[in-house]
Structure formats: structure tokens, C-alpha cells
Number of protein chains: 2
Amino acid sequence: MSYTYKYPRPALTVDTVVFGLDVDNNKWLVLLVERGGEPFKGKWAIPGGFVNVGESVDDAALRELEEECGVKKVFIEQLYTFGAPDRDPREHVVSVAYLVLVNIKDQQIIAGSDASRAEWFPVKSLPKLAFDHQKILAMAKKRLQGKIRYDPLGFELLPKKFTLTQLQNLYETILDTPLDKRNFRKKVQAQGILRDLGEIQKNVTHRAAKLYSFDKRAYRKVVKSGGHFSF
Amino acid sequence: MSYTYKYPRPALTVDTVVFGLDVDNNKWLVLLVERGGEPFKGKWAIPGGFVNVGESVDDAALRELEEECGVKKVFIEQLYTFGAPDRDPREHVVSVAYLVLVNIKDQQIIAGSDASRAEWFPVKSLPKLAFDHQKILAMAKKRLQGKIRYDPLGFELLPKKFTLTQLQNLYETILDTPLDKRNFRKKVQAQGILRDLGEIQKNVTHRAAKLYSFDKRAYRKVVKSGGHFSF
DNA sequence: CCAAAAGTGTTCAGGCTACACCCATGT
DNA sequence: ACATGGGTGTAGCCTGAACACTTTTGG
């Protein structure tokens, strides 16, 4: 079976930049898949695939994520569309890139899937990537770094229950800069969007920290009343 | 002639939201074209058209802008990609939307072109739009309102030489909020990115204001030294 | 008792807001 | 002279930055 059109069409794909955080070692991670076929066979790439006709581009991104890496129920947001005609050596392929954030602990189900292997890499030491994926990834990094300051995205990378130190480590890791502990805590707590769970860490070899969760409800209230988040 | 593919492909288009500013009447304007054919014949729409194979998506946007409205040499930036399968009643059409800013005075060459009429509409009183163009326009408005605060985009909407009052009016018009004159001037001038041209307005019936231009060179210096613009 | 991380306040400087009057020009 | 917009300074407030010690817990 085949499909014919009056004018030629570029192919349309989605690519999903999936970020995670190694909370214990403070490493910013990205999920890559090894390409099983040409071109760039054996090279690492951002997961992605073709958009089906009749399927929204957003849905295609979600579908590919699940098919290729078993990733489900995640934060996803459109990043940018890459449309240079030579970005794929075979033909003109336009790709809509997405930024995806996951809590690694929830997603240990990764890797096993399709033909291709999936693996987490530290953003700071990446292999050479296929296509223009280096460029896409660079943009995704910049976007996250920019947006995390004024949008409570970061929580997507943490477990549901987290300590203030973990939250601070997250910001320090993504922004690649040290932050003052007291100032950080004051500022975060002043926002009124953390719920103190009344629980503490278990199995730590030192004073146990209080556990918090992100209070989405409170956050929406803040936004509605004209306020806004800023880490 | 026709083109055949193994799998069906969505069509790919670009849509360009072109904003202008009526400096004399402080009106935020958008350029629309009247559709000459079905669907939505006779309705107003955002200018746009199909992406050619072998042509980058950005280039397609520039080409359509010029073909359809005679708009040339402008600020352009990718906005978002709209990919719902039902956004065009004929078939699945994915559209990459662009945000375009022009100085109306430079672009009086508009309107005359292609088959379709082009016309400026005040953003505050728009006709019903074709397709999902209402949604695209809403997004473009929000993007400009958001970005104008921390990126010196606004200058693209003004003539090369402008007064501080015109600049303030621009911000008040786009942000839809009144601003304090003294504070505005202090803040803007503190950024050090305006060049005092040593000229004054002509043909005004009151004290003539000094003319300024945006100093791109100085701006880049500020950015390089870690600073940033904020209106 | 030692190691390791949790938790907590104050001071200072710079930026933001609010606010009102005189100036230059054309008619 | 008057109408119209152009142009200017100050004081209070709030926010952000710098900075060090005590507490809790497990080993």
C-alpha cells in the first residue's frame, strides 16, 4: 500500500528529550537510545519517531515515548520544531522536539522496549549524537535552565516526597551554580507551595530531614491571585 | 505529476502572526489576509502556506510572508507547532507558527500581493478567524507580552528613531497597563542601550522630544557581560 | 564523642514604587 | 497667554545577598 500526493511533503517526526535527575549523586541525566538501523547505526540518539496521520503531534510524542522507552505519565512540553532540509541525510524530515521531565524512581521500567537499547547519560558527558540531536539537546538544556527559575517544573524531577536539601541540590545541579542554603530555604518556603508532610527521612546516617511535597493546589491559588513562582 | 510515499504524511504548513504598532494611536495591530478559497472562504486568517520539500521551515515562513503580504526584512521567531489532526477540515495539516514583528512605517508596501487582500486589524477587535487561528493568535499575544519584558523585542515595532514617550506607549499598549513616566525613563536609560541621537522631533505642536535609537551594539555588550535587559 | 547533614536570623545595599512640578514650543 | 506634552528627583519599602553556629542522629 502507498500514498500519493500532488505535491511532495517533508516527513514529520517527533523527538523527545527526556531529562531525569540522579537525586543521590546530583547528576543531570538524559535518556538516549542506540540506533538499530541506518543512518547513524550504533550511534546514540534522542528517542523519537514518525507522526501518524490523524494523530496529534503531542500524542505522537507520548506514543513514541512509551513504545521506545516505556516512559509513561510524565511532564511534557513542546520545545521547538527543527526544519532544516539537510538534518536527515535521507530526505527532508521536519521534527517537532519535546521536553520531557521524569522522576527516575517512578520510571525504572525504562530501557526494556522496542529493538533499541535505552540508557541514561549524564548531560555533562555525552556520546556523539546522531543527526542534529546535539543541537536539540542544547536547546532543551537551555530551556529547562531558563524555565526552572520561574515555573515549578523542577518538582517533576524529584520523588513525590523530598527534602529541602534535595530540592536545593536540584536547582544547583540544573543551574550549575551553588546557592546559599538559608536564602534558598527562606525563599522557597515564602512561596507557600510546599506541603510539610510531618514525616522525616528514614535510614539516613545523620539527623533526618523533614519531607515535603509540592502543593499543586496552593500553587494554582498563588497563580490565580496574580502571584508567580520564582525559585 | 505526483509523489508517492509508503506511509501517509500530514501536510506541513507555516503560519505567521505579524504584529505591528500604530504609534500615533497606540493600537496593537495584527496583519490578516482574507481567504480566497475554501475552506473558510471570505474569512480572515493568519498568512501562511505550505512548506516546500528542501526548503527550511524558517525559509518557508519568510517566503510566504513576502509572497502573501510583501513583508520583508523583519524580526521573526518560531512560536509553536500546532498539530491537532482536526485543525483543518480537509486533512491532517500540521502548522509551524511564527511570531513576526514589523515597523509599520517601513512596511506600507503591504496589502498588494497574491490573490488575497491583506489588512491590519487592532488586536483588541478582531473578526472571527479561520481554522484554529484564534488559538494561534492568542498564543502569539501571550508570547510577545511575556517576552517584551526581558528581551528588547519592542524596538522592532517602532521606527528607527523614536522618543521615550513612544517607547513607553509601546509597553503600555502591549502590556495593557499604565506605567509611571519617571520610573520608566530612569529604568530604560539605566540599561544603557539607547543611543541619544542629538536630534529632536519635527512638526509637533508642543515641546519637541529628543530622538533615540536602539543601540544593538551596546545591548550585545551588556548581554556578554552577564547583564540582561528588562524593560 | 565524632561525623554528617539539618536547621535557623540579622544586617546591608540596591532596586522598585509612589508621587508633583517646571520647561519648551507652537498657536 | 495658554495648551500640550517633555522632562526631572527624592524618600520609603521591599527584596536579594552575605554570612556562622547550634541541633539531631547514627556509628
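Below, each value reflects all heavy atoms present in this structure, side chains not excepted, and no hydrogens, waters or symmetry copies. Just so it is clear: chains get the letters A, B, ... in the order the sequence lines come, proteins before strands, and each one is counted from 1.
The nearest whole Å value for the distance from the NZ atom in Lys210(A) to the C1' atom in dT24(D) is 13 Å. Atom P of nucleotide dT24(D) and atom CG of Leu164(A) are separated by 17 Å, given to the nearest angstrom. Remark: P of dT4(D) and CG of Asn203(B) are 19 Å apart, rounded to the nearest angstrom. Between Arg207(A) atom CZ and dT22(D) atom C1' there is a gap of 9 Å when expressed in whole angstrom units. The CD-C1' distance, from Gln201(A) to dG7(C), rounds to 13 Å in whole Å. In this structure, Phe184(A) atom CZ and dG9(C) atom P are separated by 18 Å, rounded to whole Å. Across the protein-nucleic acid pair, Leu211(A) atom CG and dA6(C) atom P stand 11 Å apart, rounded to whole Å. As a whole-Å value, the separation of Asn183(A) CG from dA13(C) P is 16 Å.
Checking His206(A) against Arg185(B), the closest nucleotide of DNA chain D that is more toward the 5' end is the one next to Arg185(B). Both Ala208(A) and Arg182(A) sit near DNA chain C, but only Ala208(A) has its closest nucleotide nearer the 5' end. Nearer to the 5' terminus of DNA chain C, by closest-nucleotide assignment, is the contact made by Ser230(B) (compared with the other of Asp180(B) and Ser230(B)).
Taking only side-chain nitrogens and oxygens, Thr165(B) comes nearer than 4.0 Å to OP1 or OP2 of dG6(D).
In this structure, Phe231(B) has its ring center at least 6.0 angstrom away from the ring center of Phe229(B).
Salt bridge annotation for Asp215(B)-Arg195(B): present, with a cationic side-chain nitrogen under 4.0 angstrom from a carboxylate oxygen.
Side-chain N/O atoms of Lys181(B) and base N/O atoms of dG7(D) include a donor-acceptor pair closer than 3.5 Å. The base of dT15(D) has none of its N or O atoms less than 3.5 Å from a complementary donor or acceptor on the side chain of Lys186(A). Not a single donor-acceptor contact under 3.5 angstrom links the side-chain atoms of Lys187(B) to the base of dT17(C).
When Leu158(A), Leu197(A), Leu167(A), Asp196(A) are each tested for a side chain to side chain contact (heavy atoms under 4.5 Å, CB included) with Tyr212(A), only one passes: Asp196(A). Applying the side chain to side chain contact (heavy atoms under 4.5 Å, CB included) test between Ile193(B) and each of Val223(B), Val188(B), Val222(B) identifies Val222(B) as the sole match.
A donor-acceptor pair is defined here as one N or O able to donate and one able to accept, closer than 3.5 Å; no such pair exists between the side chain of Thr163(A) and the backbone of Leu211(A).
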